[in-house]
Number of protein chains: 2
Amino acid sequence: MQVSRQRATLRLQDVATAAGVSIATASRSLSGAPGVSDTVAERVREVARQMGYVANVHARSLAAGTSRSVGLVVHEIGDPYFAEIASGVLRLGGEEGLTVQICHTGRDPDKELEQIRSLVAHRVGAIVIAGSGFVDPALQAAARQDLQAYREAGGRVAVIGRHHLGVDAVLPENTKGGRAIAEHVLALGHRRLAVATGSRGLTTIADRLAGVEEACTAAGVDFATVQVIEAEFTRAGGKIAAEQILAEHPDVTAILAMNDDMAIGILSVLRLQGIDVPGRISVTGFDDVAVAGDLAPSLTTIRLPMLTMGEHALELALKEPAARPRRRTAGHELVVRDSTGPPG
Amino acid sequence: MQVSRQRATLRLQDVATAAGVSIATASRSLSGAPGVSDTVAERVREVARQMGYVANVHARSLAAGTSRSVGLVVHEIGDPYFAEIASGVLRLGGEEGLTVQICHTGRDPDKELEQIRSLVAHRVGAIVIAGSGFVDPALQAAARQDLQAYREAGGRVAVIGRHHLGVDAVLPENTKGGRAIAEHVLALGHRRLAVATGSRGLTTIADRLAGVEEACTAAGVDFATVQVIEAEFTRAGGKIAAEQILAEHPDVTAILAMNDDMAIGILSVLRLQGIDVPGRISVTGFDDVAVAGDLAPSLTTIRLPMLTMGEHALELALKEPAARPRRRTAGHELVVRDSTGPPG
DNA sequence: GATGTGAACGTAAGCGCTTTCGTAAGCGCT
DNA sequence: AGCGCTTACGAAAGCGCTTACGTTCACATC
């Protein structure tokens with residue numbers, strides 16, 4: 001007895017046979033390439049649909065030398081800042097019929113390189129790298145070199161929020177934003193400030209701090225008197241920073257967190273300790289993550305258009321590469337809410 | 001003059017030539033397959049590293065018939081619930097050396113099918129589908145059929161939070177959780193309840209509501225007297241629901257939101273209207289997203305281990321398929337915080 | 001010393017597509 | 001009828017890998 005051995009999946013050949021055409025015609029019909037009469041093309045498509053044929057992407061990419069997919073590298077997808085960027089990339093990518101590979105690095109430079117390599121291996125058409133780069137020149141150079149090779153092989157790269165990689169970039173106005181938020185606090189009359197920040201080894205943070213320093217200098221406040229507390233760039237880090245500030249610098253009247261996540265942690269500690277915000281201490285954030293406006297008190301912060309930044313970055317990456325790296329600034333906006341007020 | 005035409009990217013052949021071995025030996029060396037002496041294998045690897053060779057994943061997948069990548073389907077990656085699940089999948093996936101393709105559907109059933117097909121086309125080794133399914137049997141059947149074909153072709157599937165697809169599943173205790181949160185509120189003495197929920201056409205929501213109904217019945221509260229307000233399953237939907245509840249049912253003393261996002265929106269509206277929580281109205285959430293504990297008032301909710309659920313789902317999907325679909329329940333935990341108290 | 005054995009390596013046949021090139025047929029023109 | 005031109009299609013050559021199978025050679029066995 002003969003056992004009819006069934007293939008696991010349909011091939012283009014099966015569709016072609018069923019439609020009574022050659023494999024070449026079938027391929028052209030399905031991809032919409034010219035050189036096939038409309039009637040034949042339509043018949044092939046109908047047959048394929050009925051059979052439930054799904055083309056093998058690997059075979060297609062190998063033969064065509066291109067792939068309809070893009071890569072996205074983020075620090076941590078659970079972080080709302082990156083989640084929103086990812087949402088933007090996924091939205092535009094979906095519209096363009098691209099699949100998106102997401103990698104997260106946990107802010108580990110080695111892992112970042114590894115992830116980039118993996119994306120290169122996948123011959124993704126474009127790579128979007130979100131999140132701060134490293135101030136360390138050696139790390140920058142390593143990333144730069146890998147990306148350079150990828151681009152020479154025809155890959156496209158865009159980054160969000162770092163400007164040292166020689167590729168197209170979407171740049172949030174970190175320095176201007178840092179300046180704006182500090183100016184707001186200074187204008188309210190605060191003079192004894194603390195800053196809660198993540199590692200200064202990240203460019204984003206360095207930029208934001210630079211803005212704060214500018215504003216202080218302009219207002220005649222010696223930046224050296226500003227207490228800069230470095231902790232994790234997370235809610236937990238914010239809590240630790242807040243406790244440290246309260247313990248060591250009880251006279252501070254305003255705490256500037258360098259992202260909303262830290263600010264949320266800070267608010268939480270102040271609330272637990274019964275400290276009035278903004279009555280005794282004003283608190284500010286940075287990013288304007290979705291929840292910032294719904295906190296109590298709602299958070300004064302700098303709005304960055306994360307979703308749009310994700311879209312723009314992918315857009316840049318999909319464009320014909322320019323001779324010189326393009327820069328696209330993403331605007332910032334000071335959003336004044338209830339967490340800031342004049343010093344008590 | 002002869003122009004040396006340079007290849008865009010290195011091939012395995014180039015490495016083999018440089019190392020003075022055949023392409024087969026090179027392949028075996030790099031993949032760690034047996035049949036190569038250690039010295040030769042090491043030399044090949046060293047040469048490959050020095051040349052910066054990165055294997056073409058498409059060629060590899062095509063030849064080997066497998067791919068080291070998995071797909072993740074979520075409703076919306078910007079939603080913290082899904083972002084945390086994604087984080088779990090990415091974490092475990094990264095550990096296993098898998099790349100992860102993320103698709104989001106915007107809660108659109110057609111788009112979900114489309115995304116699943118795209119993943120099938122990519123011959124991903126496994127697919128994890130997160131998020132509620134549709135109660136509608138026709139939609140269920142369509143998804144089920146596509147997945148069935150994929151599994152017959154050797155693909156693995158696991159789902160999170162839906163139990164109708166005949167595949168391995170990680171099931172959050174939605175009904176038990178709904179019951180627990182309602183019991184908590186009822187035990188505090190509340191009798192005039194409102195529920196703010198997303199579309200009841202989603203299984204997750206139907207399950208949670210069923211739990212609430214159970215608790216009400218057990219406590220002798222007629223579920224028909226509970227005001228169930230259906231809106232978007234988001235912060236914005238929570239605000240709309242809250243306004244409607246305040247306008248139409250001002251005597252309500254507790255609002256049960258069917259996820260934290262809605263609860264945050266509700267808290268925000270109550271705060272704006274100067275309504276004391278929990279003094280006049282108690283509010284509960286569901287999920288325990290990261291920010292829930294740092295809100296003011298902090299949110300009483302049901303904790304679901306999202307990150308772990310993501311990991312477990314991928315784990316299930318990577319295992320040898322069992323004869324019968326496996327079920328793995330993810331525990332729930334009532335987290336009582338400051339947003340609930342006895343009715344005023 | 002003939003023979004079997006296994007390890008180490010090379011040859012070549014695909015994997016399922018895309019795309020170049022060749023060919024046949026249909027068309028209008030002289 | 002003969003010519004060139006266009007259009008529609010098929011044959012076949014890859015894309016860059018993996019892997020079944022063949023070959024070689026060192027070594028142990030009788």
Side-chain angles (χ1 to χ4, degrees), chain A residues 5 7-45 47-48 51-69 118 120-125 153-154, chain B residues 5 7-45 47-48 51-69 118 120-125 153-154:
Chain A
R5 191 149 168 324
R7 290 203 57 80
T9 53
L10 263 55
R11 291 159 312 163
L12 184 54
Q13 179 66 70
D14 303 326
V15 175
T17 307
V21 297
S22 77
I23 185 174
T25 301
S27 170
R28 282 188 277 253
S29 301
L30 295 179
S31 71
V36 190
S37 68
D38 290 349
T39 50
V40 171
E42 190 41 58
R43 175 158 48 91
V44 172
R45 279 193 285 266
V47 169
M51 299 175 79
Y53 169 74
V54 195
N56 182 322
V57 168
H58 298 301
R60 170 174 297 188
S61 302
L62 182 57
T66 63
S67 83
R68 300 286 301 156
S69 71
S118 155
V120 170
H122 277 83
R123 302 295 189 270
V124 294
Chain B
R5 191 151 168 323
R7 289 203 57 80
T9 53
L10 262 59
R11 292 159 312 163
L12 184 55
Q13 180 65 71
D14 302 328
V15 175
T17 306
V21 297
S22 77
I23 185 173
T25 300
S27 170
R28 282 188 277 253
S29 301
L30 294 179
S31 71
V36 190
S37 70
D38 290 351
T39 50
V40 172
E42 190 42 58
R43 175 157 48 90
V44 172
R45 279 192 286 267
V47 168
M51 300 175 79
Y53 169 75
V54 195
N56 182 321
V57 169
H58 298 302
R60 171 175 299 190
S61 301
L62 183 58
T66 63
S67 82
R68 299 287 300 157
S69 70
S118 155
V120 171
H122 277 83
R123 302 296 190 272
V124 294

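Letters A, B, ... mirror the listed sequences (proteins, then strands); counts begin at 1. Fair warning: this is a prediction, and the values are worked out from it, not measured in the lab.
The minimum heavy-atom distance linking Val54(B) with Arg123(A) is given by the pair O-NH2, 3.7 Å. Across every non-hydrogen atom of Ala16(A) and Ala26(A), the tightest pair is CB-CB, 3.8 Å. Across all non-hydrogen atoms, the minimal contact from His58(B) to Ser67(A) is NE2-CB, 3.7 Å. Between Ala55(A) and Arg60(A), the shortest heavy-atom contact is CB-NH2, 3.5 Å. Pairing each heavy atom of Arg45(B) with each of Leu30(B), the nearest pair is CG-CD2, 3.9 Å.
In this structure, the separation between CG on Leu12(B) and OG1 on Thr25(B) is 10.0 Å, given to the nearest 0.5 Å. The structure places OG of Ser37(B) at 11.0 Å from CD of Glu42(B), a figure rounded to the nearest 0.5 Å.
In the region residues 51-64 of chain B, proximity to DNA chain C at under 4.0 angstrom, judged on heavy atoms, holds for Leu62(B), Ala63(B). For DNA chain C, the residues of residues 25-41 of chain A within the heavy-atom distance limit of 4.0 Å (strictly under) are Ser27(A), Arg28(A), sorted by number.
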Tell me, with the steps shown, if Met51(B) and Val15(B) meet side-chain contact (heavy atoms from CB on, under 4.5 Å). CA-CA 8 Å; Met51(B) 300 175 79; Val15(B) 175; 4.1 Å; yes
Starting from the C-alpha separation in whole Å, work towards a yes-or-no answer on side-chain contact (heavy atoms from CB on, under 4.5 Å) for Thr9(A) and Tyr53(A). CA-CA 8 Å; Thr9(A) 53; Tyr53(A) 169 74; over 6 Å; no
side-chain contact (heavy atoms from CB on, under 4.5 Å) assessment of Ser61(A) paired with Thr66(A): CA-CA 5 Å; Ser61(A) 302; Thr66(A) 63; over 6 Å; no
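Summarising the geometry, the separation between CZ on Arg11(B) and C1' on dC17(D) is reported as 11 Å, rounded to the nearest angstrom. Regarding Gln13(B), its CD atom lies at a distance of 10 Å from the P atom of dC17(D), rounded to whole Å. Spacing between atom CG of Leu12(A) and atom P of dC15(D) amounts to 19 Å, rounded to whole angstrom units. Rounded to whole Å, the distance from CD1 on Ile23(B) to P on dG16(D) is 10 Å. At whole-Å resolution of the value, NE2 in His122(B) and C1' in dC17(C) are 14 Å apart.
Over its full length, the helix from dG1(C)-dC30(D) to dT30(C)-dA1(D) turns its helical axis through 50°, comparing axes from the five pairs at each end and rounding to 10°.
Checking side-chain atoms of Ser27(B) against main-chain N and O of Ile23(B) turns up no donor-acceptor pair under 3.5 Å.
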